[in-house]
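Here the structure is laid out as structure tokens; the discussion comes afterwards.
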Amino acid sequence: MASPAVVDISRWQFAVTAVFHMSFPALTVGLSLFLAVMYTVYLRTGNPLYLQIFRFWKKIFAVGFGLGVVAGTVMTFEFGLNWGRYAHAVGPILGVTIGMEVITAFFLEAGFIGIMLYGDGRVRPRTMAFACWMLVVGTLLSTTWILSANSWMQDPTGFAEVGDQFRASDWWQVLFNPAFSYRYPHILLAVLISAAWFIGGIAAWYLVKQRALPFARRTLSIALGVLAVLMPVQLYAGDLTAVFMGAHQPAKLEAFEGNWKSDNNGYNLLVVPDTDKGENTFQVAIPHLGAVIGKDLSGKAHVPGLLQTPEDERPDMWSVFYGFRAMYFTALAMFGMAFAGLVLRLRGRLYTARRFHRLMVWMAPAGVVAISGGWITAEAGRQPWVVYGLIRTSDAVSHLSLGAAIAGLTGFVTVYALLLGLWIRYIVRTVRTGPEHLVTDAGTTVHATEIGHA
């Protein structure tokens with residue numbers, strides 16, 4: 001068995017690489033759909049404003065997509081390096097699932113992204129639109145396979161133990177396990193919402209700066225329209241997911257509620273857990289709200305505490321509690337902003353509300369923050385299991401020396417911090433440059449400020 005230090009370092013390394021990787025599909029899956037819709041609308045209406053929007057966001061999508069693919073590939077190699085014993089045990093199941101992602105999604109994306117990026121003006125518009133929609137299908141397939149694999153780790157079904165490996169006895173149960181049916185719509189909505197916030201935040205920046213106004217108004221209007229529809233649905237889907245995971249992984253529910261003893265009916269806003277003593281040294285709670293959220297409208301029911309789970313099967317309360325609140329309160333803030341956007345639209349002030357636009361700019365990365373918080377809740381709440389109830393994380397780590405583990409973590413943190421910095425710098429530079437002017441078929445240059453009136 002690997003030493004506790006090597007296990008902790010390997011967990012940190014995977015957490016860093018996974019959060020870094022997830023930041024890209026959190027934006028690019030939704031951006032691919034946005035680009036396909038924009039180009040299709042341009043094809044049907046001939047309005048150059050939609051072509052301008054398409055060309056601007058295509059640049060940001062392209063770099064983010066490339067970095068996301070590279071980061072995801074690194075994680076695959078990491079399974080063999082740091083998590084060799086895990087890879088050996090689940091390889092017959094998850095190896096096939098990840099392989100299906102490569103065969104279906106990756107090849108589809110690789111085949112059509114070149115046309116989408118470089119075909120504008122070189123291939124027929126209908127071919128461009130087809131390539132854009134095929135890219136959407138590819139990103140959705142990729143999301144499907146990855147969520148299927150991760151959900152199986154959360155709620156493993158349809159397998160048989162053969163020696164020290166798990167092998168599929170029912171592929172339908174493996175791929176479409178019970179957790180998948182709840183988590184897939186929740187995550188899919190999350191990535192669409194995350195992209196919409198990012199797009200809306202950038203559009204709001206142009207309104208604040210009074211630049212490229214037709215581009216900014218149309219983009220903001222589309223983003224807020226999507227958010228007004230998806231945010232209420234996401235809150236409902238998130239509640240269903242929490243109820244399901246609470247029933248299947250009660251320790252995760254106990255940890256993100258922040259209680260040790262099962263004698264509290266309140267909702268904890270802040271806690272300072274003392275894991276050794278099994279108590280909170282500091283706690284701020286709203287009385288009765290925890291029971292009401294748990295569907296007891298009398299407010300008297302007690303919220304389950306972590307002490308009712310055996311000590312060696314408890315997740316870390318710190319990471320689960322605050323990961324959940326990062327997701328939950330960010331989602332509530334996004335819901336409030338989406339509702340405010342709807343009210344401003346109805347009152348005819350959507351494009352003149354300066355304070356709202358500044359808030360939108362600050363909240364541009366809110367979706368990525370919420371997704372990261374949700375991922376921490378899901379993964380840390382599953383601990384100490386890497387495959388829930390079957391393989392402990394401490395039994396899944398490769399036999400590495402402490403020096404090798406530290407060197408790996410240091411290298412990943414350094415390289416990923418550099419890549420993230422370059423990615424953010426590229427976005428800032430692209431946004432400051434602004435959307436490009438267009439040249440019409442007659443050879444006339446249409447400037448960014450004129451396109452909305454073309």
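A quick note: this is a predicted structure, and the numbers were derived from the prediction, not measured.
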[X] vs [Y] side-chain heavy atoms within contact, under 4.5 Å:
X      : Y      : result
His399 : Arg85  : yes
Trp375 : Met22  : yes
Leu220 : His357 : yes
Asn264 : Gln283 : yes
Ile193 : Leu227 : yes
Leu27  : Ser194 : yes
Phe321 : Leu270 : no
Ile406 : Thr410 : yes

- Message: Quick check: closest heavy atoms across Trp152 and Thr157, and the distance to 0.1 Å?
- Response: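 Minimum heavy-atom contact is NE1-O, 3.0 Å.
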Assess, by modelled atom type and distance only, whether the side chains of [X] and [Y] contain a donor and an acceptor separated by less than 3.5 Å.
X      : Y      : value
Ser151 : Arg183 : yes
Asp170 : Gln173 : no
Gln383 : Lys252 : no
Asn259 : Asn268 : yes
Thr139 : Glu109 : no
Arg345 : Ser221 : yes
Gln13  : Arg11  : no

Using the ring of each side chain (for Trp, its six-membered ring), is [X] parallel, tilted or perpendicular to [Y], with breaks at 30° and 60°?
X      : Y      : value
Phe324 : Phe256 : parallel
Tyr184 : Phe180 : parallel
Tyr388 : Trp385 : perpendicular
Phe34  : Trp57  : perpendicular
Phe244 : Tyr182 : parallel

- Message: My understanding is that only one of Tyr416, Trp423, Phe65 makes a ring pair (Phe, Tyr, Trp, His ring centres under 6.0 Å) with Phe24; could you say which?
- Response: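 Result: among Tyr416, Trp423, Phe65, Trp423 is the only option passing the ring pair (Phe, Tyr, Trp, His ring centres under 6.0 Å) with Phe24.
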Just how far is it from atom [atom1] of [X] to atom [atom2] of [Y], taken to the nearest 0.5 Å?
X      : Y      : atom1 : atom2 : value
Asp263 : His302 : CG    : NE2   : 6.5 Å
Ile187 : Ile371 : CD1   : CD1   : 7.0 Å
Leu344 : Phe339 : CG    : CZ    : 10.5 Å
Phe130 : Met116 : CZ    : CE    : 14.5 Å
Glu161 : Gln165 : CD    : CD    : 11.5 Å
Ser23  : Leu420 : OG    : CG    : 7.0 Å

- Query: Are Trp83 and Phe79 an aromatic pair by the rule of ring centers under 6.0 Å?
  - Reply: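 No.
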- Query: Does Phe356 have Arg354 sitting over its ring (NZ/CZ under 6.0 Å from centre, angle to axis within 45°)?
  - Reply: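 Not flagged: Arg354 not positioned over aromatic ring of Phe356.
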Crowded around [X] [atom1]? As in, over 12 foreign heavy atoms under 6.0 Å?
X      : atom1 : value
Lys59  : NZ    : yes
Phe106 : CZ    : no
Trp171 : CH2   : yes
Tyr426 : OH    : yes
Tyr236 : OH    : no

- Salt-bridge present (Arg392, Asp312; N to O < 4.0 Å):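 Looking at Arg392 and Asp312, the cut-off is met.
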